[in-house]
Amino acid sequence: MGNLDIKFYWAVFLRRLPYFLVIVAFLTAGAVTVAMILPPVYTSSASMLVEPQQIPGDLAQTMVPVDPYEQAQIIEQRLMTRANLLALGKRIGMYDGVDPPMSANAIVGDISQRILFIGFTPDVTRGPGTPGATILGVSFDGPTAEYANKGANELVNLVLEENVRLRTGRASDTLEFFQAEVDRLAAALDAQGKKISQFKTENFSALPDSLNDRRSQQLLQQQRLLTLEQQESDLRNQRATVVWVYQRTGHSSATGQLSPEETQLQSLQNQLVQMRTIYAASSPRIRMLESQVAGLQKVVDDQRAARTVPGPDGQPAQPASDLDVETAPIDAQLKFIADNKALIQKTLDDLDKSIQATPANEQVLDGMERELTNLQNQYNAAVQSASQAQVGERIEVLSKGERFSLIQQPNLPTKPASPNRKLIAAAGMLGGITAGLGFILLMELLNHSIRRPGELTAKLGIEPFATLPYIRTPGEMRRKRTIVAGTVALIAVALPALLFAVQTYYMPLDALMDQALAKVGLSMPTAIVPDTPPAAAPAATTAPAAQP
């Protein structure tokens with residue numbers, strides 16, 4: 001601080017004072033002019049409360065996710081689409097009287113900068129699971145208080161309507177999905193049932209549920225077959241005995257089966273044989289017996305002729321012998337037993353084939369029934385989900401679920417929210433002072449000439465006796481003051497006039513600033529001043545609930 005020459009620097013400042021005044025006057029005049037020319041921006045805002053579900057969740061649960069921030073972000077993204085922004089600008093009517101007319105891209109870019117969603121992101125100050133009300137807000141910037149209020153009302157209505165549409169739409173989509181699933185699974189159940197029924201019909205004799213009955217039937221048929229084989233064996237033995245007796249005796253053993261005439265004829269023949277050994281051939285007794293034998297023989301022959309079976313040519317065949325008569329019923333029984341054995345054997349073959357095919361059919365049928373059970377379980381779950389979805393849709397349609405409700409209407413602003421004219425003017429003046437001081441400092445840093453006695457001693461090694469400053473004449477001083485005053489006055493008059501001309505005849509300053517900021521990646525709302533004032537803005541209302 002000892003080496004700091006305050007008097008020298010003050011003298012330097014006074015010598016550079018004209019530059020300082022020009023810079024301060026230029027920036028201050030520009031800031032004041034911009035502050036006065038910039039159109040006012042009015043801001044209208046509203047607050048919405050996220051109301052919880054009115055029906056207890058343990059009694060009826062809505063099918064729509066309850067995260068309000070997720071819903072708010074979805075609503076924000078939907079409202080900020082190009083089509084919705086153009087429709088919003090048309091309803092507000094803020095761009096109707098603009099000359100020249102703005103393009104669609106310019107309208108979308110401008111109105112998107114005027115909208116602000118407040119609290120549409122999760123509150124980082126609240127931990128997970130921490131209870132508390134969720135407040136969401138929207139604001140709209142307009143060139144007039146009426147436009148700002150109308151824009152905020154339209155925005156609130158859009159948010160509330162979109163909230164209702166989002167929740168009811170999700171509930172309806174959920175219900176539609178589960179109803180479609182119920183119909184699909186019902187059709188699949190019917191198809192699977194028909195498939196199982198068709199399979200059972202085609203494999204009726206080889207189903208697993210009748211396996212025990214078929215095995216019992218198989219055992220019974222085997223027992224019948226054994227019985228028939230035993231009977232067949234007995235009959236064959238009986239026939240063999242009859243044939244053996246006939247071959248040795250000439251008649252069958254079944255004498256009880258001879259007719260009375262045959263029996264009497266056989267007795268008379270025996271008597272005739274015995275009598276011939278006693279009497280002579282001419283004996284009357286012998287002739288009488290011969291006469292009786294001949295007569296009885298004729299009767300027996302007639303009986304045998306009556307029992308004779310016709311031959312293939314229709315001529316009478318030889319009378320059936322005793323052996324044929326004896327073996328005929330045995331052969332008939334043997335034929336009957338053989339037919340029954342063939343039928344039983346066919347039944348056993350069919351039963352064996354069906355029993356062998358039963359395991360494969362059981363495996364196929366089990367798979368089909370498992371598929372039917374799975375479909376039935378899915379169908380039951382889908383029916384239950386559809387019922388829950390129907391209740392959830394009813395809750396959303398009646399607005400009994402979680403919803404957004406308006407708690408603070410958009411206000412009609414009484415004064416502009418921006419620009420802050422005093423702050424802009426003060427900033428311009430402060431910037432001018434800072435720029436003027438900086439310019440003086442820069443000039444001194446770039447000036448390496450010798451101007452003080454100490455610099456003479458330090459650089460030239462001489463000690464001056466005295467220093468005399470430059471003495472200006474009164475004319476020079478008046479001329480310098482006139483130049484400075486004229487320059488300051490010119491700046492104070494010409495610069496505002498230039499800015500006003502640019503604002504009026506070329507482009508609004510805020511639009512010009514917006515273009516300049518857009519080139520460096522920044523942007524700000526464009527001033528829109530329509531020729532006609534807007535109609536009275538309707539008050540925002542809660543979105544009407546859809547009728548059931």
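Remember, predicted model here, so these are calculated numbers, not experimental data.
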**Prompt:** Shortest non-hydrogen contact from Q333 to L235?
**Reply:** OE1-CD2, 3.0 Å

**Request:** Determine, stepwise, if the pair L219 / R215 fulfils side-chain contact (heavy atoms from CB on, under 4.5 Å).
**Result:** CA-CA 6 Å; L219 180 61; R215 285 178 174 173; over 6 Å; no

**Fill in**
Interatomic distance, OG@S354 vs CD@Q218, rounded to 0.5 Å, equals 8.0 Å

**Request:** List the steps, then state whether side-chain hydrogen bond (donor to acceptor under 3.5 Å, both in side chains) holds for Q221 with Q217.
**Result:** CA-CA 6 Å; Q221 294 296 334; Q217 185 179 2; over 6 Å; no

**Item:** Residue pair K200, L365: steps toward the side-chain contact (heavy atoms from CB on, under 4.5 Å) verdict
**Value:** CA-CA 8 Å; K200 287 183 176 180; L365 190 60; 4.1 Å; yes

**Asked** Say you draw a straight line from CZ of R82 to CD1 of I107; how long is it, rounded to the nearest 0.5 Å?
**Response** 9.5 Å

**Message:** Has N361 got a side-chain atom pairing as donor or acceptor with A206's backbone, closer than 3.5 angstrom?
**Reply:** yes

**Item:** T227 side chain to Q223 backbone, donor-acceptor under 3.5 Å
**Value:** yes

**Item:** Side-chain (N84) to main-chain (R78) donor-acceptor, under 3.5 angstrom
**Value:** yes

**Prompt:** Side chains of T43 and F140: closer than 4.5 Å at any heavy-atom pair?
**Reply:** no

**Item:** D331: partners by salt bridge (charged side-chain N to carboxylate O under 4.0 Å, His left out), with sequence neighbours left out
**Value:** R239

**Fill in**
Output for pair (D110 CG, N105 CG), nearest 0.5 Å, gives 12.5 Å

**Under 3.5 Å: donor-acceptor pair, side chain of R224, backbone of K341** = no

**Asked** Do D366 and R370 sit within salt-bridge range, that is, some charged N less than 4.0 Å from a carboxylate O?
**Response** no

**Request:** Take Y95 and I111, measure what side-chain contact (heavy atoms from CB on, under 4.5 Å) needs, and give me the verdict at the end.
**Result:** CA-CA 10 Å; Y95 305 95; I111 201 169; 3.5 Å; yes

**Asked** When you check the side-chain N and O atoms of N380 and Q376, is any donor under 3.5 Å from an acceptor?
**Response** yes

**Asked** Quick one: salt bridge (charged side-chain N to carboxylate O under 4.0 Å, His left out) partners of E181, sequence neighbours excluded?
**Response** R184

**Request:** Return yes if some donor-acceptor pair links the side-chain N/O of N157 with the main-chain N/O of N153 below 3.5 Å, else return no.
**Result:** yes

**Complete:** In terms of heavy-atom contacts, L160 and M48 come closest through CD2-SD, 3.7 Å

**Item:** Criterion side-chain contact (heavy atoms from CB on, under 4.5 Å) on E290 and I286, from CA distance to verdict
**Value:** CA-CA 6 Å; E290 289 179 350; I286 295 298; 3.7 Å; yes

**Asked** Can you find a pair of side-chain heavy atoms, one from E362 and one from L207, that are under 4.5 Å apart?
**Response** no

**Asked** Does K346 come within less than 4.0 Å of D350, counting only side-chain N to carboxylate O?
**Response** yes

**Message:** Does any part of the side chain of Y42, heavy atoms only, come nearer than 4.5 Å to the side chain of E146, both counted from C-beta?
**Reply:** no

**Message:** For the CD1 atom of I115 and the CE atom of M80, what is their distance to the nearest 0.5 Å?
**Reply:** 5.0 Å

**Message:** Can you confirm whether Q271 is buried at CD, in the sense that more than 12 heavy atoms of other residues, nucleotides or ligands lie under 6.0 Å from that atom?
**Reply:** yes

**Residues that R91 engages under side-chain hydrogen bond (donor to acceptor under 3.5 Å, both in side chains), provided they are two or more places apart** = E154

**Message:** More than 12 heavy atoms of other residues, nucleotides or ligands under 6.0 Å from CD of E229: yes or no?
**Reply:** yes

**Prompt:** Counting distance only, does the side-chain N/O of S210 pair as donor-acceptor with the main-chain N or O of D213 below 3.5 Å?
**Reply:** no

**Message:** Tell me the closest heavy-atom pair linking S44 and P413, and the distance in Å.
**Reply:** CB-CD, 4.2 Å

**Message:** Walk me through whether T358 and R214 qualify under side-chain hydrogen bond (donor to acceptor under 3.5 Å, both in side chains).
**Reply:** CA-CA 11 Å; T358 298; R214 283 181 281 120; 3.0 Å; yes

**Asked** Would you find a donor on one side and an acceptor on the other, under 3.5 Å apart, between the side chain of N411 and the backbone of A46?
**Response** no

**Asked** Counting distance only, does the side-chain N/O of N149 pair as donor-acceptor with the main-chain N or O of P410 below 3.5 Å?
**Response** yes

**Side-chain heavy atoms of P143 within contact of R114, under 4.5 Å** = yes

**Complete:** Value for CD1 (I75) from CG (L158), rounded to nearest 0.5 Å, stands at 10.5 Å

**Message:** Closer than 4.0 angstrom, basic N to acidic O: yes or no for D339 and K335?
**Reply:** yes

**Message:** Q345 vs D349, test: side-chain hydrogen bond (donor to acceptor under 3.5 Å, both in side chains). Steps then yes/no.
**Reply:** CA-CA 6 Å; Q345 187 61 46; D349 293 339; 3.2 Å; yes

**Complete:** Between the OG atom in S45 and the CD1 atom in I118, the distance rounded to the nearest 0.5 Å is 5.5 Å

